[in-house]
2 protein chains.
Amino acid sequence: MVNQYEDNLNEIFHALSDPTRREIVYMMAQKERTVSELAEPFDMSLAAISKHIKVLERANLVERNVRGRTHICRLNAASLSQVSEWLRFYERFWSNRFDPLEKELIKAQKKEH
Amino acid sequence: MVNQYEDNLNEIFHALSDPTRREIVYMMAQKERTVSELAEPFDMSLAAISKHIKVLERANLVERNVRGRTHICRLNAASLSQVSEWLRFYERFWSNRFDPLEKELIKAQKKEH
DNA sequence: GTTATATTTAACCATATGGTTAATCAATAT
DNA sequence: ATATTGATTAACCATATGGTTAAATATAAC
């Protein structure tokens, strides 16, 4: 038990670093998809796509539902929200509105004068 | 000119998939840091950290300022905001509030009845 | 029961990754 | 001038990645 949260982020960021996998994520965001549906747009073997889906699964970005011989894949956005959470800390660097922490700092500074 | 935006995301996500690099990003978020300052907390050679910083640079997450023999690194949050932008599309999957697009869809559906 | 379909797994390959140590380079200090 | 310091680069290594083709598995259809 080292750090589950960190390990997850490793897997999630790695999974998202490949454009094919991001496209697969996008497709699943529309609706549930079978493996061959997901493979269809790509100029690449089904085996390759199968591996990509496994990477997404390891990152908990995909939930698979086996229904007879077809596997139905659906996006698990909870993993994406983990990225969002991670990013939250850095948001103040590009957002115009001050975040609560910064507001406190500004208030504190004003009191000094 | 294939797709600069996609290529950037590849590099950014890849850069962030390593916990050492995320820690470096965090350190730079506090303040500008020299390479050896960034290396200090890690049980790893300076050469290794130098490479990590290069990966972050390739992803445009680091801006380097050479000042004599010391290199000063500062976070370029613009690249992080690209991730935020990418995530924006998926936010509706975990946020409670509906996003504008969804609101429009709901309005449109209501009109049908 | 044989064939076809959906998917995974295995074996393989080239290249990338993340680390090491040793050598190099450039700027500062003595 | 020489030594020290901050950092990169080179050469190397083990393992991971992203693809291939071929074989295996499991369900469905005839």
Side-chain angles (χ1 to χ4, degrees), chain A residues 2-3 6-28 31-75, chain B residues 2-3 6-28 31-75:
Chain A
V2 187
N3 193 334
E6 284 293 314
D7 286 358
N8 270 346
L9 280 179
N10 296 350
E11 300 293 350
I12 296 168
F13 278 126
H14 170 245
L16 296 176
S17 73
D18 183 281
T20 301
R21 287 193 292 260
R22 282 200 305 280
E23 186 65 27
I24 291 175
V25 165
Y26 183 74
M27 290 175 75
M28 290 187 304
K31 55 172 158 147
E32 300 185 328
R33 307 276 192 170
T34 68
V35 171
S36 23
E37 266 172 22
L38 289 172
E40 196 274 321
F42 300 102
D43 188 24
M44 175 185 313
S45 72
L46 195 62
I49 297 293
S50 177
K51 281 186 185 182
H52 277 305
I53 294 173
K54 262 212 170 83
V55 173
L56 290 167
E57 243 180 332
R58 207 168 58 200
N60 260 297
L61 282 159
V62 165
E63 262 169 47
R64 189 192 298 254
N65 221 297
V66 180
R67 194 92 179 147
R69 64 187 161 179
T70 80
H71 296 204
I72 295 162
C73 300
R74 112 159 201 280
L75 180 61
Chain B
V2 188
N3 193 336
E6 284 294 315
D7 286 357
N8 269 345
L9 280 179
N10 296 350
E11 300 292 351
I12 296 168
F13 279 126
H14 169 246
L16 296 176
S17 72
D18 182 280
T20 301
R21 288 193 291 261
R22 284 200 304 280
E23 185 64 28
I24 291 175
V25 165
Y26 183 75
M27 290 176 73
M28 290 188 303
K31 54 173 160 155
E32 302 185 329
R33 306 276 192 171
T34 68
V35 172
S36 22
E37 265 172 23
L38 288 172
E40 196 273 321
F42 300 101
D43 189 23
M44 174 186 313
S45 71
L46 194 62
I49 296 294
S50 178
K51 280 187 184 180
H52 278 305
I53 294 173
K54 266 217 165 79
V55 173
L56 290 167
E57 242 180 333
R58 207 168 59 200
N60 259 297
L61 282 160
V62 165
E63 263 169 46
R64 188 192 298 255
N65 221 295
V66 180
R67 195 88 179 148
R69 65 187 161 178
T70 82
H71 296 205
I72 296 163
C73 300
R74 94 159 218 286
L75 180 61

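When all heavy atoms of B:Ile12 and B:Ala59 are compared, the pair lying nearest together is CG1-O, 3.6 Å. Between A:Arg21 and A:Ala15, the shortest heavy-atom contact is NE-O, 2.7 Å. For the residue pair B:Val62 and B:Cys73, the shortest heavy atom distance occurs at CG1-CB, 4.0 Å. Looking at every heavy atom in both residues, B:Leu16 comes nearest to B:Arg22 through O-NH1, 2.7 Å.
Rounded to an integer number of Å, the gap from CZ of A:Phe42 to P of C:dT7 is 15 Å. One atom, CD of B:Glu37, and another, P of D:dT5, lie 17 Å apart when rounded to the nearest Å. The distance between atom NE2 of B:His71 and atom C1' of C:dT28, rounded to the nearest whole Å, is 14 Å.
Between A:Ser50 and C:dT7, a side-chain N or O to OP1/OP2 separation shorter than 4.0 Å is absent.
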**OP:** Tell me, with the steps shown, if A:His71 and A:Ile53 meet side-chain contact (heavy atoms from CB on, under 4.5 Å).
**Re:** CA-CA 11 Å; A:His71 296 204; A:Ile53 294 173; over 6 Å; no
Subject >> Test log, rule side-chain contact (heavy atoms from CB on, under 4.5 Å), inputs B:Thr20 and B:Ile49 >> reply: CA-CA 9 Å; B:Thr20 301; B:Ile49 296 294; 4.2 Å; yes
**OP:** Kindly indicate, with the supporting measurements, whether the criterion side-chain contact (heavy atoms from CB on, under 4.5 Å) is fulfilled by B:Lys54 and B:Glu57.
**Re:** CA-CA 5 Å; B:Lys54 266 217 165 79; B:Glu57 242 180 333; 4.2 Å; yes
**OP:** Using a 4.0 Å cut-off on protein heavy atoms (strictly under), produce a 5'-to-3' string for nucleotides 11-22 of chain C with B for base contact, S for backbone-only sugar-phosphate contact, and - for none.
**Re:** B-----SSBBB-
With the criterion being N/O to N/O and under 3.5 Å, what pairs connect the protein with nucleotides 26-30 of chain D, and how long is each?
unit_1	atom_1	unit_2	atom_2	d
D:dT27	O2	A:Arg69	NH1	3.1
D:dA28	O4'	A:Arg69	NH1	3.4
D:dA28	O4'	A:Arg69	NH2	3.4

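Between the CG atom in B:Leu61 and the CD atom in B:Glu11 there is a gap of 10.0 Å [rounded to 0.5 Å].
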